[in-house]
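Chain identifiers are assigned alphabetically (A, B, ...) following the order of the sequence lines, protein sequences preceding nucleic acid strands; residue numbering begins at 1 within each chain. Quick caveat, the model's predicted, so the values are computed rather than measured.
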Protein chains: 2
Amino acid sequence: MKRTFHSSKPESDALNAYIKLIRASENLSVATHRHLADHDLTSSQFAVLETLYHLGPLCQIEIGKKIQKSRGNVTTVVNNLARRKLIERQKDCRDKRFSQVALTDLGEKMVYEVFPHHIAGIVRIFSCLTPAEQHELARLCRKLGLSQQAKTY
Amino acid sequence: MKRTFHSSKPESDALNAYIKLIRASENLSVATHRHLADHDLTSSQFAVLETLYHLGPLCQIEIGKKIQKSRGNVTTVVNNLARRKLIERQKDCRDKRFSQVALTDLGEKMVYEVFPHHIAGIVRIFSCLTPAEQHELARLCRKLGLSQQAKTY
DNA sequence: TAGAAATAGTTTTATGTCAAACTAATATGC
DNA sequence: GCATATTAGTTTGACATAAAACTATTTCTA
């Protein structure tokens with residue numbers, strides 16, 4: 001079988017970079033997810049805990065902006081964390097539409113437990129690249145990211 | 001608030017590269033997903049169609065290896081594509097455990113319709129990088145990917 | 001060759017994810 | 001001031017995803 005569409009040079013260059021980047025990112029996700037799963041946390045749950053740790057209590061819309069997820073999804077993830085008493089919702093008295101979401105003591109403890117190992121894992125994975133290579137990778141990814149904000153695909 | 005864990009230089013280099021790579025990849029996913037959604041296809045559904053187009057009929061285990069997803073997930077995605085008559089399951093006569101999954105004519109038509117635009121979108125996004133930069137990005141991502149296969153995080 | 005191990009696939013359970021419809025509260029404009 | 005916009009959050013429906021338990025079939029092995 002092995003059919004394929006015709007590819008010009010610019011196409012195959014772009015496609016190759018695309019597939020390599022996607023694969024690298026998927027591998028990173030798998031690795032980090034595996035570690036977080038030891039603490040029964042998903043990536044999104046950890047992202048919420050980490051965000052609240054760094055920035056303090058936030059409303060759900062703000063959380064959504066930080067972790068780049070939809071409103072409905074934030075409701076789900078926050079529900080699952082609240083059920084485990086890792087975070088708390090508090091209705092804002094002034095504007096009852098808002099809920100302030102804050103880490104509980106238990107949630108903070110979880111961040112302390114998980115975060116250092118999380119960082120160490122990432123450092124270990126990236127240690128196959130020299131510092132210069134890490135900078136260059138970051139630069140290229142940033143350039144790629146910026147260019148997309150304008151484009152509609 | 002703005003609390004943060006202490007970060008050494010190697011840590012912040014790795015973390016910076018990590019976050020930039022994840023973000024770039026997420027942006028790519030959003031862009032491609034938006035296009036595919038116009039044809040009511042998810043990324044996984046398209047990945048299955050594309051794989052079957054390139055390699056011909058495969059069993060579900062093989063599909064799972066190609067698109068890097070679990071057995072159960074392949075069942076789900078294949079079900080959803082089969083419901084729309086884009087693919088067909090055929091029980092293997094020799095070994096009844098296997099199902100050969102093949103594109104239907106309708107599925108092939110879908111690939112022809114979607115693929116060129118899909119490629120064009122990727123090329124457009126990556127056009128913000130020079131060919132040399134695209135090569136370098138691919139090289140760094142590949143290096144990162146390879147290093148992970150050995151490591152347990 | 002009969003029982004055990006392995007294999008392909010499905011089902012179940014729990015979570016994530018989005019979009020769209022919805023509710024409740026606040027802000028705006030005439 | 002009241003009708004209308006907007007905004008924060010929830011709910012719903014459809015799909016994705018993994019892990020684990022399960023079924024059916026085949027292979028291995030003693």
In whole Å, what is the span from the [atom1] atom of [X] to the [atom2] atom of [N]?
X: A/R94; N: C/dA27; atom1: CZ; atom2: P; answer: 12 Å
X: B/Q90; N: C/dG9; atom1: CD; atom2: C1'; answer: 17 Å
X: A/K96; N: C/dA27; atom1: NZ; atom2: P; answer: 12 Å
X: B/R97; N: C/dA8; atom1: CZ; atom2: C1'; answer: 6 Å
X: B/Q100; N: C/dG9; atom1: CD; atom2: C1'; answer: 14 Å
X: B/N79; N: D/dA16; atom1: CG; atom2: C1'; answer: 13 Å
X: A/D40; N: D/dA20; atom1: CG; atom2: P; answer: 11 Å
X: B/D95; N: D/dT26; atom1: CG; atom2: P; answer: 5 Å

Checking N1-N3 plus N6-O4 or O6-N4 for Watson-Crick, or N1-O2 and O6-N3 for wobble, each under 3.5 Å, the partner of D/dA5 is none
Pairing partner of C/dT26, by Watson-Crick or G-U wobble and under 3.5 Å for both distances, is none
Would you call B/D92 and B/R94 a salt bridge, using N to O less than 4.0 angstrom? no
Does the distance from a Lys or Arg side-chain N to an Asp or Glu carboxylate O, for A/R139 and B/E136, drop under 4.0 Å? no
Between A/Y53 and A/F115, is the ring centre distance below 6.0 Å? no
Any idea which of [options] is nearest the [X] side chain?
X: A/F98; options: C/dA27, C/dA8, D/dG9; answer: D/dG9
X: B/R83; options: C/dA25, D/dC15, C/dT15; answer: D/dC15
X: B/Q60; options: D/dG9, C/dA24, C/dG9; answer: C/dG9

Taking side chain as C-beta onward, heavy atoms only, is A/L41 less than 4.5 Å from A/L86? yes
Pairwise N/O distances under 3.5 Å, protein to nucleotides 16-18 of chain C:
{"residue": "C/dG16", "atom": "OP1", "partner": "A/T42", "partner atom": "OG1", "Å": "2.8"}
{"residue": "C/dG16", "atom": "OP1", "partner": "A/Q45", "partner atom": "NE2", "Å": "2.9"}
{"residue": "C/dG16", "atom": "OP2", "partner": "A/N80", "partner atom": "ND2", "Å": "2.4"}
{"residue": "C/dT17", "atom": "OP1", "partner": "A/S44", "partner atom": "OG", "Å": "3.1"}
{"residue": "C/dT17", "atom": "OP1", "partner": "A/K69", "partner atom": "NZ", "Å": "3.0"}
{"residue": "C/dT17", "atom": "OP2", "partner": "A/S44", "partner atom": "OG", "Å": "2.2"}
{"residue": "C/dT17", "atom": "OP2", "partner": "A/N73", "partner atom": "ND2", "Å": "3.0"}
{"residue": "C/dT17", "atom": "O5'", "partner": "A/N73", "partner atom": "ND2", "Å": "3.2"}
{"residue": "C/dC18", "atom": "OP2", "partner": "A/S70", "partner atom": "N", "Å": "2.9"}
{"residue": "C/dC18", "atom": "OP2", "partner": "A/S70", "partner atom": "OG", "Å": "2.9"}

Exactly one of A/N79, A/N80, A/V78 should register a side-chain contact (heavy atoms from CB on, under 4.5 Å) with A/T76. Which one does? A/N80
Remember a base hit wins even if backbone is also touched, and classify A/S99 as base, sugar-phosphate or nothing at under 4.0 Å, heavy atoms. sugar-phosphate
Could you tell me whether a side-chain N or O of A/E108 sits under 3.5 Å from a main-chain N or O of A/D105, the two making a donor and an acceptor? no
Any donor-acceptor pair under 3.5 Å linking the side chain of A/S25 with the backbone of B/I22? no
side-chain N/O A/R89 vs D/dA8 OP1/OP2, d < 4.0 Å: no
Classified by glycosidic angle (syn within 90° of 0, else anti), D/dA5 comes out syn
